[in-house]
Amino acid sequence: QNIWSNKFRTFLTMLGIIIGVMAVMVIVGLGNGMTTSIQNEFADMGTNLLTVQIMGYGSRSVKVKDFYELVEKNSDVLGAVSPSISMSGTVKVGTDDDSYSSTSVKGVSEVYLNMGGYTIVQGRPLNYVDMDANKKVCMVGDYISRVGYGGDVGQSIKIGREWYTIVGVLEAKIDDPSNQEGSSDDCIFVPYTTAMRVSGISTASSYAVLVSDEENISKGKAIIENGLQELLHS
(Lines give C-alpha, C1' and ligand atoms only; values in the text may rest on other atoms or scores of the structure.)
Protein backbone atom coordinates (compact mmCIF):
# COMPACT_ATOMS: atom_id res chain seq x y z
CA GLN A 1 0.00 0.00 0.00
CA ASN A 2 2.85 2.38 0.82
CA ILE A 3 4.48 1.70 -2.58
CA TRP A 4 1.27 2.31 -4.51
CA SER A 5 0.36 5.39 -2.52
CA ASN A 6 3.79 7.00 -3.22
CA LYS A 7 4.26 6.19 -6.90
CA PHE A 8 6.68 9.05 -7.63
CA ARG A 9 8.92 8.25 -4.65
CA THR A 10 8.81 4.57 -5.63
CA PHE A 11 9.79 5.47 -9.21
CA LEU A 12 12.75 7.57 -7.99
CA THR A 13 13.89 4.76 -5.68
CA MET A 14 13.69 2.20 -8.48
CA LEU A 15 15.50 4.58 -10.82
CA GLY A 16 18.29 5.04 -8.28
CA ILE A 17 18.64 1.27 -7.84
CA ILE A 18 18.66 0.67 -11.62
CA ILE A 19 21.26 3.38 -12.24
CA GLY A 20 23.40 2.07 -9.37
CA VAL A 21 23.30 -1.53 -10.60
CA MET A 22 24.04 -0.45 -14.19
CA ALA A 23 26.96 1.69 -13.00
CA VAL A 24 28.44 -1.26 -11.09
CA MET A 25 27.99 -3.52 -14.13
CA VAL A 26 29.70 -1.01 -16.42
CA ILE A 27 32.60 -0.48 -14.01
CA VAL A 28 33.11 -4.23 -13.51
CA GLY A 29 32.87 -4.81 -17.26
CA LEU A 30 35.42 -2.10 -18.00
CA GLY A 31 37.71 -3.47 -15.29
CA ASN A 32 37.53 -7.01 -16.65
CA GLY A 33 38.05 -5.77 -20.19
CA MET A 34 41.07 -3.71 -19.18
CA THR A 35 42.52 -6.66 -17.26
CA THR A 36 42.11 -8.94 -20.27
CA SER A 37 43.64 -6.34 -22.57
CA ILE A 38 46.67 -5.88 -20.32
CA GLN A 39 47.10 -9.65 -19.96
CA ASN A 40 47.00 -10.04 -23.74
CA GLU A 41 49.60 -7.29 -24.19
CA PHE A 42 51.92 -8.97 -21.70
CA ALA A 43 51.28 -12.34 -23.34
CA ASP A 44 52.43 -10.87 -26.66
CA MET A 45 55.60 -9.68 -24.93
CA GLY A 46 56.22 -13.18 -23.59
CA THR A 47 54.92 -13.69 -20.06
CA ASN A 48 56.04 -17.34 -20.24
CA LEU A 49 59.55 -16.46 -21.42
CA LEU A 50 62.47 -16.70 -19.00
CA THR A 51 65.74 -14.86 -19.57
CA VAL A 52 68.68 -16.66 -18.00
CA GLN A 53 72.07 -15.11 -17.25
CA ILE A 54 74.81 -17.54 -16.24
CA MET A 55 77.83 -16.43 -14.20
CA GLY A 56 80.33 -19.12 -13.21
CA TYR A 57 83.39 -18.98 -10.97
CA GLY A 58 86.74 -18.73 -12.74
CA SER A 59 86.96 -21.41 -15.41
CA ARG A 60 83.60 -22.93 -14.51
CA SER A 61 81.02 -22.52 -17.25
CA VAL A 62 77.99 -24.22 -18.74
CA LYS A 63 78.26 -25.60 -22.27
CA VAL A 64 75.43 -24.94 -24.69
CA LYS A 65 74.92 -28.70 -25.01
CA ASP A 66 74.57 -29.03 -21.24
CA PHE A 67 71.96 -26.28 -21.06
CA TYR A 68 69.95 -27.86 -23.89
CA GLU A 69 70.06 -31.20 -22.03
CA LEU A 70 68.85 -29.51 -18.84
CA VAL A 71 65.83 -28.13 -20.68
CA GLU A 72 65.15 -31.43 -22.47
CA LYS A 73 65.18 -33.38 -19.19
CA ASN A 74 62.40 -31.12 -17.91
CA SER A 75 60.32 -30.93 -21.09
CA ASP A 76 57.09 -31.16 -19.08
CA VAL A 77 57.75 -27.62 -17.79
CA LEU A 78 60.37 -26.16 -20.14
CA GLY A 79 59.94 -25.89 -23.90
CA ALA A 80 61.90 -24.09 -26.61
CA VAL A 81 65.31 -22.69 -25.78
CA SER A 82 67.72 -20.36 -27.54
CA PRO A 83 71.13 -18.94 -26.68
CA SER A 84 71.10 -15.14 -26.83
CA ILE A 85 74.50 -13.63 -27.63
CA SER A 86 74.82 -9.87 -27.94
CA MET A 87 77.34 -8.83 -30.57
CA SER A 88 79.31 -5.61 -30.71
CA GLY A 89 80.55 -3.82 -33.79
CA THR A 90 79.39 -1.07 -36.13
CA VAL A 91 76.58 -1.98 -38.50
CA LYS A 92 77.03 -0.71 -42.06
CA VAL A 93 74.82 -1.12 -45.11
CA GLY A 94 76.54 -2.14 -48.35
CA THR A 95 79.59 -0.08 -49.23
CA ASP A 96 78.07 3.16 -47.90
CA ASP A 97 79.58 5.04 -45.00
CA ASP A 98 76.22 5.14 -43.23
CA SER A 99 76.42 3.31 -39.91
CA TYR A 100 73.67 2.32 -37.47
CA SER A 101 74.93 2.66 -33.91
CA SER A 102 71.60 1.92 -32.21
CA THR A 103 70.97 -1.39 -33.98
CA SER A 104 70.77 -4.45 -31.72
CA VAL A 105 72.68 -7.48 -33.02
CA LYS A 106 72.08 -10.89 -31.43
CA GLY A 107 73.12 -14.45 -32.07
CA VAL A 108 70.12 -16.74 -31.62
CA SER A 109 68.88 -20.21 -32.52
CA GLU A 110 66.34 -21.15 -35.17
CA VAL A 111 63.43 -21.10 -32.68
CA TYR A 112 64.09 -17.67 -31.18
CA LEU A 113 61.88 -15.73 -33.59
CA ASN A 114 58.81 -17.82 -32.74
CA MET A 115 59.59 -17.44 -29.05
CA GLY A 116 59.76 -13.67 -29.38
CA GLY A 117 56.59 -13.36 -31.46
CA TYR A 118 58.31 -12.17 -34.63
CA THR A 119 56.71 -12.57 -38.05
CA ILE A 120 58.63 -12.97 -41.31
CA VAL A 121 57.40 -10.86 -44.22
CA GLN A 122 60.12 -11.65 -46.75
CA GLY A 123 62.66 -14.41 -47.28
CA ARG A 124 63.19 -17.26 -44.85
CA PRO A 125 63.97 -17.71 -41.16
CA LEU A 126 67.25 -18.87 -39.68
CA ASN A 127 67.41 -22.67 -39.66
CA TYR A 128 69.38 -25.53 -38.14
CA VAL A 129 71.71 -25.75 -41.15
CA ASP A 130 72.72 -22.11 -40.55
CA MET A 131 73.62 -23.01 -36.95
CA ASP A 132 75.43 -26.21 -37.85
CA ALA A 133 77.53 -24.60 -40.60
CA ASN A 134 78.19 -21.28 -38.79
CA LYS A 135 76.79 -19.47 -41.81
CA LYS A 136 77.17 -15.72 -42.19
CA VAL A 137 73.50 -15.03 -42.77
CA CYS A 138 71.09 -12.84 -40.87
CA MET A 139 67.56 -11.59 -40.50
CA VAL A 140 66.90 -7.88 -40.18
CA GLY A 141 64.12 -5.86 -38.60
CA ASP A 142 61.80 -3.59 -40.54
CA TYR A 143 63.80 -0.44 -39.78
CA ILE A 144 67.11 -1.67 -41.23
CA SER A 145 65.33 -3.22 -44.20
CA ARG A 146 63.33 -0.08 -44.94
CA VAL A 147 66.01 2.61 -44.58
CA GLY A 148 68.91 0.56 -45.90
CA TYR A 149 67.54 -1.77 -48.55
CA GLY A 150 63.98 -0.93 -49.41
CA GLY A 151 62.85 -4.36 -48.25
CA ASP A 152 64.98 -6.59 -50.48
CA VAL A 153 66.61 -9.80 -49.28
CA GLY A 154 69.86 -11.18 -50.63
CA GLN A 155 71.77 -7.98 -49.90
CA SER A 156 74.93 -7.77 -47.79
CA ILE A 157 75.32 -6.01 -44.47
CA LYS A 158 78.51 -5.45 -42.49
CA ILE A 159 78.64 -6.09 -38.74
CA GLY A 160 82.02 -5.19 -37.32
CA ARG A 161 84.53 -6.66 -39.75
CA GLU A 162 82.30 -9.41 -41.12
CA TRP A 163 79.85 -9.39 -44.03
CA TYR A 164 76.50 -11.18 -43.75
CA THR A 165 73.83 -12.04 -46.31
CA ILE A 166 70.28 -10.98 -45.47
CA VAL A 167 67.99 -14.00 -45.85
CA GLY A 168 64.85 -12.64 -44.21
CA VAL A 169 63.00 -9.50 -43.13
CA LEU A 170 60.81 -9.23 -40.03
CA GLU A 171 57.42 -7.56 -39.80
CA ALA A 172 57.31 -4.16 -38.11
CA LYS A 173 56.15 -4.12 -34.50
CA ILE A 174 55.89 -0.32 -34.32
CA ASP A 175 53.33 1.44 -36.49
CA ASP A 176 55.04 4.84 -36.62
CA PRO A 177 58.22 4.60 -38.78
CA SER A 178 59.65 7.72 -37.11
CA ASN A 179 59.86 5.83 -33.80
CA GLN A 180 61.55 2.69 -35.14
CA GLU A 181 65.21 3.67 -34.70
CA GLY A 182 66.58 2.02 -31.58
CA SER A 183 63.35 0.03 -31.10
CA SER A 184 62.53 -3.66 -31.44
CA ASP A 185 62.35 -3.07 -35.22
CA ASP A 186 65.98 -1.89 -35.27
CA CYS A 187 67.53 -5.35 -34.91
CA ILE A 188 69.63 -8.01 -36.60
CA PHE A 189 69.64 -11.74 -35.79
CA VAL A 190 72.47 -14.07 -36.79
CA PRO A 191 73.07 -17.79 -35.99
CA TYR A 192 74.31 -18.10 -32.42
CA THR A 193 77.15 -20.40 -33.52
CA THR A 194 78.38 -17.70 -35.88
CA ALA A 195 78.09 -15.09 -33.13
CA MET A 196 80.15 -17.28 -30.80
CA ARG A 197 82.87 -17.81 -33.40
CA VAL A 198 83.06 -14.15 -34.40
CA SER A 199 83.04 -13.02 -30.75
CA GLY A 200 85.72 -15.56 -29.83
CA ILE A 201 83.71 -17.26 -27.08
CA SER A 202 83.27 -20.99 -26.49
CA THR A 203 79.86 -20.95 -24.83
CA ALA A 204 76.82 -18.73 -24.20
CA SER A 205 76.13 -16.93 -20.94
CA SER A 206 72.58 -15.86 -21.78
CA TYR A 207 69.56 -17.89 -22.84
CA ALA A 208 65.86 -17.45 -23.53
CA VAL A 209 63.67 -20.33 -22.33
CA LEU A 210 59.99 -20.83 -23.02
CA VAL A 211 57.92 -22.22 -20.14
CA SER A 212 54.97 -24.47 -20.94
CA ASP A 213 52.50 -22.25 -19.09
CA GLU A 214 52.49 -18.92 -17.25
CA GLU A 215 51.55 -20.72 -14.05
CA ASN A 216 54.78 -22.75 -14.26
CA ILE A 217 57.10 -19.73 -14.35
CA SER A 218 58.23 -20.13 -10.73
CA LYS A 219 58.64 -23.88 -11.15
CA GLY A 220 60.63 -23.44 -14.36
CA LYS A 221 62.83 -20.83 -12.71
CA ALA A 222 63.58 -23.18 -9.81
CA ILE A 223 64.38 -26.07 -12.17
CA ILE A 224 66.87 -23.98 -14.14
CA GLU A 225 68.51 -22.52 -11.01
CA ASN A 226 68.95 -25.97 -9.43
CA GLY A 227 70.22 -27.46 -12.69
CA LEU A 228 72.77 -24.69 -13.17
CA GLN A 229 73.98 -24.99 -9.59
CA GLU A 230 74.65 -28.68 -10.19
CA LEU A 231 76.48 -28.00 -13.47
CA LEU A 232 78.60 -25.28 -11.86
CA HIS A 233 79.18 -27.31 -8.67
CA SER A 234 78.03 -24.33 -6.65
Side-chain angles (χ1 to χ4, degrees), residues 1-53 71 74-82 84 86 100 102-104 106 108-109 111-123 125 139-147 150-151 168-189 206-226:
Q1 290 177 351
N2 188 40
I3 290 174
W4 286 111
S5 61
N6 297 278
K7 293 184 178 61
F8 187 68
R9 187 175 66 182
T10 301
F11 169 75
L12 292 178
T13 302
M14 291 175 59
L15 186 63
I17 294 173
I18 292 171
I19 293 175
V21 172
M22 289 181 63
V24 172
M25 291 173 63
V26 170
I27 291 172
V28 171
L30 288 174
N32 290 338
M34 186 66 72
T35 300
T36 302
S37 176
I38 292 174
Q39 287 175 340
N40 290 338
E41 287 186 20
F42 276 104
D44 291 338
M45 294 168 61
T47 52
N48 58 336
L49 192 66
L50 286 175
T51 299
V52 184
Q53 300 287 340
V71 172
N74 299 277
S75 58
D76 56 326
V77 177
L78 306 176
V81 57
S82 170
S84 179
S86 296
Y100 300 84
S102 61
T103 302
S104 168
K106 281 186 178 181
V108 298
S109 77
V111 299
Y112 183 84
L113 297 179
N114 287 334
M115 294 168 64
Y118 290 94
T119 302
I120 301 169
V121 292
Q122 287 193 45
M139 300 196 67
V140 298
D142 181 75
Y143 174 74
I144 289 292
S145 175
R146 181 174 55 81
V147 301
V169 178
L170 301 173
E171 184 180 52
K173 288 193 171 187
I174 296 178
D175 296 331
D176 187 356
S178 63
N179 293 329
Q180 283 186 313
E181 185 175 2
S183 71
S184 57
D185 289 332
D186 189 2
C187 61
I188 300 175
F189 296 114
S206 179
Y207 292 85
V209 183
L210 207 60
V211 181
S212 59
D213 190 272
E214 293 177 32
E215 297 179 356
N216 288 330
I217 284 290
S218 296
K219 186 176 180 180
K221 177 174 175 286
I223 289 173
I224 293 174
E225 286 179 342
N226 294 333

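Values below: every heavy atom of this structure, side chains too, minus hydrogens, waters and symmetry copies.
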inquiry  = Suppose we screen for salt bridge (charged side-chain N to carboxylate O under 4.0 Å, His left out). Which residues come up paired with Glu171, at least two apart in sequence or across chains?
reply    = none
Nearest heavy-atom neighbours spanning Ser212 and Asp76 = OG-O, 3.5 Å
request  = Please round to the nearest 0.5 Å and tell me the distance separating atom CG of Asp186 and atom CZ of Arg146.
outcome  = 10.0 Å
query = So how far is it from Ile188 CD1 to Ser145 OG, rounded to the nearest 0.5 Å?
reply = 11.0 Å
message = Does any part of the side chain of Cys187, heavy atoms only, come nearer than 4.5 Å to the side chain of Leu170, both counted from C-beta?
response = yes
note = Heavy-atom closest pair (Met139 atom, Leu113 atom, distance to 0.1 Å) is SD-CD1, 3.1 Å
ask   = For Thr51 and Ser84, what are the C-alpha separation, side-chain angles and deciding distance, and is it a side chain to side chain contact (heavy atoms under 4.5 Å, CB included)?
value = CA-CA 9 Å; Thr51 299; Ser84 179; over 6 Å; no
remark   = When every non-hydrogen atom of Lys173 is compared with those of Gly117, the smallest separation belongs to CE-O, 3.9 Å
message = For Ser82 versus Ser109, what's the shortest heavy-atom pair and its separation?
response = OG-N, 2.9 Å
Parallel, tilted or perpendicular: ring planes of Phe189 versus Tyr118, cut at 30 and 60 degrees = perpendicular
note = Looking only at heavy atoms, the pair that brings Gly220 and Leu78 closest together is CA-CD2, 3.9 Å
ask   = What is the distance from atom CZ of Phe8 to atom OG1 of Thr10, rounded to the nearest 0.5 Å?
value = 11.0 Å
Check: Gln180 and Val147 side chains under 4.5 Å, non-hydrogen atoms = no
message = Do Val211 and Val77 make a side-chain contact, defined as non-hydrogen atoms from C-beta onward lying under 4.5 Å apart?
response = yes
From Asn74 atom CG to Asn216 atom CG, the distance as rounded to the nearest 0.5 Å = 11.5 Å
ask   = Hey, does Val169 have a side-chain heavy atom less than 4.5 Å from the side chain of Ile120?
value = no
message = Once rounded to the nearest 0.5 Å, what's the spacing between atom CD1 of Ile18 and atom OG1 of Thr13?
response = 10.5 Å
inquiry  = Which residue in the set Ile17, Val21, Leu15 passes side chain to side chain contact (heavy atoms under 4.5 Å, CB included) when paired with Ile19?
reply    = Leu15
Nearest-0.5 Å distance, OG1 of residue Thr119 to CG of residue Asp142 = 12.0 Å
remark   = Correct closest heavy-atom pair for Met115 and Ala208 would be CE-O, 3.3 Å
query = Would a 4.5 Å heavy-atom cut-off, applied to side chains only, mark Asn48 and Leu210 as touching?
reply = yes
